[in-house]
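Chain letters run A, B, ... following the sequence lines, proteins first and then strands; every chain starts at 1. Because only heavy atoms are used, hydrogens play no part in the values below, and waters and symmetry mates are left out as well, while side chains stay in. Fair warning: this is a prediction, and the values are worked out from it, not measured in the lab.
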Amino acid sequence: MGAAGSPRPESGIELWAWMFMRVSGVVLLFLALGHLLIMHLINNVDHIDFQFVAQRYATPFWRTYDLVMLWLALIHGTNGVRMVLVDYISPRGWRAASLASLYVVSFILLTLGSLAILTFQPPLMGP
Amino acid sequence: MFKVRYRDYLTYRGGPGHWSWILHRVTGIGVFLFLLIHIVDISLIGWGPNIFNKLLFLYRYPAFRFGEVALVGAVVYHAINGIRICIIDFWPETMAAHRKMSYAVGIAFLVVFIPTAIYMLSFIL
Amino acid sequence: MQVTLKIQRYNPEKDKAPWWGEYKIEAEPTDRLLDALNYVKWHLDGTLTYRRSCAHGICGSDAMQINGANRLACKVLLRNLGQVITVEPLRGYKVIKDLLVDMDAFLARYRSMKPFLITHSPQPEKERLQSPEDRERFDDTTKCILCGCCTSGCPSFWANGEYVGPAAIVNAHRFLFDSRDEGTVERIELLNTVDGVWRCRTIFNCVEACPREINVTRAIGEVKKAILMQKV
Amino acid sequence: MVQRYDAVIVGAGGAGLMAALQLAGHANVAVLSKLYPTRSHTGTAQGGIGAALGNEGEDHWEWHMFDTIKGGDYLVDQDAAEILCREAVETVYDLEHWGLPFSRTPEGKIAQRPFGGHTKEYGKSPVRRACYAADRTGHMILQTCYQQCIKNQVHFYDEYHVLDLLVSDGRCAGVVAICLATGEIHTFHAKAVIFAAGGCGRMFRVTSNAHSLTGDGMAVVLRNGVPIEDMEFFQFHPTGIYKMGILLSEAARGEGAILRNKDGERFMERYAPSLLDLAPRDLTSRAMYREIREGRGIGGKNYLHLDMTHLGAEVLDKKLPDITEFVRTYLGIDPRTEPVPIQPTAHYAMGGIPTDLDGRVIMDERNTPMPGLYAAGEVACVSVHGANRLGTNSLVDILVFGRRSGRHAARFVQESDWAPLPPNPDEWASGQINRLRNSIGQERAVDIRDVLQDEMMEKASVFRDAASLTAMSEKLKELRQRFANVKVEDKGTRYNTELLEAVELENLLDLAEVLVEGALVRQESRGAHFREDFPTRDDANWLKHTLAYRGEKGVTFRYKPVTITKFQPQERKY
Ligand SMILES: Cc1cc2nc3c(=O)[nH]c(=O)nc-3n(C[C@H](O)[C@H](O)[C@H](O)COP(=O)(O)OP(=O)(O)OC[C@H]3O[C@@H](n4cnc5c(N)ncnc54)[C@H](O)[C@@H]3O)c2cc1C
Ligand code: HEM
Ligand code: SF4
Ligand code: F3S
Ligand code: FES
């Protein structure tokens with residue numbers, strides 16, 4: 001806070017972040033709940049194995065589905081955690097450091113996950 | 001440095017919105033952390049069926065199965081409450097009924113989650 | 001009826017840490033909590049310190065935590081509080097003595113929001129006209145008495161005191177939605193920041209606490225929407 | 001610690017802030033206030049501010065002036081009343097331009113409602129003259145003025161309690177105040193001081209006034225040789241919530257609420273056949289006391305009913321929301337369906353520090369000003385309210401004369417230099433604080449105050465006579481002796497509110513004495529001052545203002561003629 005208590009001027013990014021949280025939330029509502037429904041209820045982890053994934057990824061639909069969900073969930077979650085960190089960590093240095101780690105981790109995982117989804121080569125059907 | 005004053009959150013007698021928010025935040029962080037792990041394990045699929053299948057075994061331990069139920073609960077609560085947040089944000093006039101909406105989220109969550117949890121636990125028990 | 005007041009006491013001139021004072025008093029169920037505090041101060045312990053003035057919920061002096069929630073001591077009656085009543089200072093501000101906290105930061109935030117009518121066009125000789133509907137648009141937020149109940153009850157503010165807080169936004173809303181005001185752009189610059197409206201997570205504690213029954217969250221929501229309209 | 005300013009304003013209510021706005025930008029000015037500015041009692045004013053805008057029916061400032069003078073039982077200085085009523089109009093427009101959210105008429109103009117004693121064509125029928133913002137007009141005035149001060153970067157010393165006035169060579173040299181947060185004594189050396197410290201209703205048990213309204217301003221100047229004018233005229237507002245005194249604005253009756261006794265009778269028909277429930281306050285309060293005395297109080301007790309049940313939810317919720325809420329909160333009853341128990345409540349001091357038309361404090365009947373000293377608002381007596389103030393006129397008074405005193409002071413500080421500070425300027429104030437803090441007596445301030453408030457209520461309120469006033473005068477002597485033994489448990493420095501309550505009590509005792517002695521001497525009945533042993537107005541002997549001085553030998557009096565310009569005194573009938 002400045003001496004007069006005026007808030008720091010800002011780039012206006014918060015508005016977009018706020019908007020994104022809501023839009024991605026609504027889309028995730030369908031994607032994530034759909035994902036849970038398919039993976040954990042209709043099927044359950046007992047049935048899930050390499051084979052199962054391989055079958056699913058044979059069609060581009062599920063790849064796209066998972067890719068969109070991955071991006072939205074990860075960015076939504078990252079921004080959510082960013083909000084939490086900015087709430088609780090006030091000292092500039094600590095804040096910058098924690099945010100940087102968050103972004104690095106998220107970026108690595110985003111790359112990793114995207115590569116996994118995009119580059120996965122389903123082996124030919126068979127045992 | 002970390003100025004989280006847990007005592008405040010738990011002892012202040014706020015309204016239902018207070019509790020909704022605590023849960024939304026906790027579930028959000030929880031799901032995010034799970035997501036991080038989940039991406040790592042899924043990406044192992046690139047290493048071939050052997051490793052991947054072995055790893056998925058982990059998910060079949062009972063402890064993980066309970067965790068899975070909690071995960072579903074967290075996502076369901078976060079999702080339903082997220083809808084409430086979106087509604088009040090885009091239609092501020094609905095705030096007149098803000099208490100009712102928080103309670104409604106609670107009820108909707110229980111309605112969805114209890115049968116789901118029972119169904120999921122029935123595989124383990 | 002007999003009630004026990006458990007009051008958080010702290011005088012930094014004497015005490016190392018806050019402690020609880022317990023006072024048993026006879027009172028009428030229709031007495032205000034402020035009457036009970038006055039009784040303690042006047043008859044049991046003269047050192048008990050708090051602010052008060054109007055005694056009917058208009059000046060905003062005696063905001064404090066009563067049974068764990070922010071209220072004005074002069075606006076709650078004993079009959080609604082039970083046999084044992086806990087009284088603590090507002091959260092999120094520095095305690096100066098007993099129930100009296102430092103409100104400077106709170107008021108500085110209010111002042112930072114340019115809480116005055118901004119106009120550029122020339123003044124008419126008589127009044128500016130304003131339809132009853134336009135007047136009604138911001139009626140709710142004109143009621144604010146700057147008591148601090150809302151900001152001090154906001155978890156987002158506890159987490160981070162950089163948040164300007166609901167009270168400051170309420171007062172910005174009062175001008176933003178006044179059809180006579182021409183300072184929309186300046187005000188939106190102030191509000192469209194991390195520490196402005198976007199730190200509000202629609203928790204509604206402010207609404208629950210506001211003794212003037214202002215729908216604070218709604219006002220904040222309307223400001224968010226107004227920013228959206230401006231920028232998108 | 002000594003600070004230097006061109007001008008210092010004591011009090012941040014409507015009057016103080018308005019004065020500050022005139023000085024801001026022209027002089028180095030500081031506003032001292034024992035409360036944070038927006039906590040000032042101006043914020044509690046509900047009903048409205050009177051100005052002959054004529055937005056809802058024809059109106060003229062001359063009519064307003066006539067009502068003010070007649071309402072004040074012809075003790076009003078008519079040159080002052082003329083200024084009040086003329087400048088009211090531009091003041092209201094100023095407030096509107098500053099952003100005050102007045103309620104509006106369908107055409108978008110400032111809405112106006114009827115109020116007690118305000119009439120058209122010199123008393124013919126009620127007129128809509130009170131401009132309002134729902135029932136929180138004072139709140140909006142206070143907020144708006146404070147907001148303008150923020151805009152103009154006025155310098156505030158919040159939570160500074162003024163203890164003493166500094167006078168040297170017959171000139172005002174500044175004030176001494178205690179900073180509540182630290183307990184330090186500060187001397188403010190100033191060319192001009194404007195007192196705007198509000199009223200003193202807390203000398204009565206049942207009052208609409210805040211705990212903080214203890215007449216500090218009046219007492220501080222009185223102690224320094226300045227007289228107090230017309231203190232015997234103290235207004236009792238007819239509709240205070242039973243026992244608590246919380247005010248239910250006249251706006252309620254303006255919107256149609258009716259006073260009823262235990263038989264459900266609209267008894268005002270007998271006392272004021274033409275204005276009925278909207279008769280001026282002195283008359284209405286007396287009528288209520290009569291009803292109670294004659295056994296027509298509700299259940300034989302000392303209260304009556306204010307009936308709003310016929311007004312409908314729309315009017316209650318839209319036009320009187322705060323009042324409706326007070327009734328719900330404090331009485332637990334719904335004014336839509338049940339009548340509200342009410343009783344007259346001590347409300348407003350017509351008297352105060354005597355000033356001329358520019359707010360300069362005057363020292364005697366020849367209007368000799370004390371250079372550099374000003375007063376405005378309820379603390380002052382210009383006198384525009386005479387023996388009885390009309391509803392809505394105080395808000396006009398604080399703004400019109402707050403502004404005039406500010407403007408005059410702004411000119412004054414350009415032209416003059418600082419009066420020298422007296423040696424040891426804070427000697428008296430520090431002495432008072434130390435004496436109280438170190439006192440070894442056994443009296444509790446609260447016990448003395450309780451007696452004061454109860455006895456004043458009984459002996460010096462709506463009805464008075466020689467016997468009751470003499471008894472009260474004796475009582476005050478006894479209380480003063482007890483006060484010498486008052487003890488303060490809190491020996492600390494920061495926010496020692498117990499100590500301040502003792503200071504405030506001393507002020508109340510001084511003022512109660514002035515009130516009681518003045519009332520005892522004034523052997524007539526006029527406006528709010530009603531002597532049962534002298535029940536009629538006596539213009540031959542008493543058409544004059546009281547100036548009370550307090551010295552070694554107690555209170556002494558001088559008298560000042562009333563200025564009469566347009567309206568000759570007549571019998572007062574409604
Ligand atoms: C309940 C109620 C309703 C009313 N309704 C109306 C109405 O509808 N219309 C109308 O015209 N009038 C109304 N009045 C009367 C009117 O509101 C007051 O007379 C007027 O507001 C007084 O204003 P002021 O500026 O003189 O003083 P206040 O607003 O009382 O301010 C006094 C200031 O002085 C400061 N102060 C006091 N003592 C000291 C000290 N020792 N040191 C430093 N600072 C000090 C205080 O902190 C405060 O800032 C009403 C009054 C009451 C009580
Ligand atoms: C399923 C549908 C989802 C919806 C509708 C949704 C909705 C929202 C909304 C609206 C917010 C903003 C809250 C605010 O600004 O106050 C939010 C915050 C958040 N979300 Fe989600 N979300 C969903 C899924 C997820 C997922 C899958 C994750 C994890 C990766 C997640 C993690 C978070 C986090 C960490 C926050 C921040 C919490 C806080 O600031 O208190 N959300 N969510
Ligand atoms: S919005 Fe309500 S709670 Fe907040 S400061 Fe204003 S009156 Fe108090
Ligand atoms: S409690 Fe706080 S987060 Fe927003 S809704 Fe109220 S300001
Ligand atoms: S004392 Fe004024 S709000 Fe409670």
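Closest approach of B:Pro92 to C:Glu222, counting heavy atoms only: CB-CG, 4.2 Å. When all heavy atoms are compared, the tightest approach of C:Gly221 to B:Met95 is CA-CE, 4.2 Å.
Note that NE2 of B:His18 and SG of C:Cys206 are 12.0 Å apart. Values are rounded to the nearest 0.5 Å. With values rounded to the nearest 0.5 angstrom, B:His24 atom NE2 is found 10.5 Å from C:Arg201 atom CZ. The CD atom of C:Glu88 sits 7.0 Å away from atom OG1 of B:Thr11, with the distance rounded to the nearest 0.5 Å.
Counting heavy-atom pairs closer than 4.5 Å to chain B, the top residue among C:Asn67, C:Asn205, C:Thr202, C:Val207 is C:Asn205. The choice from B:Ser20, B:Gly17, B:Ser102, B:Ala96 that makes the most heavy-atom pairs within less than 4.5 Å of chain C is B:Gly17.
Remark: B:Arg13 does not engage C:Glu208 in a salt bridge, criterion side-chain N to carboxylate O under 4.0 Å.
Put simply, the side chain of B:Tyr12 gets close to the backbone of C:Asn70: a donor and an acceptor are under 3.5 Å apart. Distance alone, capped at 3.5 Å, places no donor-acceptor pair between the C:Lys225 side chain and the B:Asp89 backbone.
Taking the six-membered ring where tryptophan is involved, the planes of B:His98 and C:Phe204 are essentially parallel, since the angle between them stays under 30° and well short of 60°.
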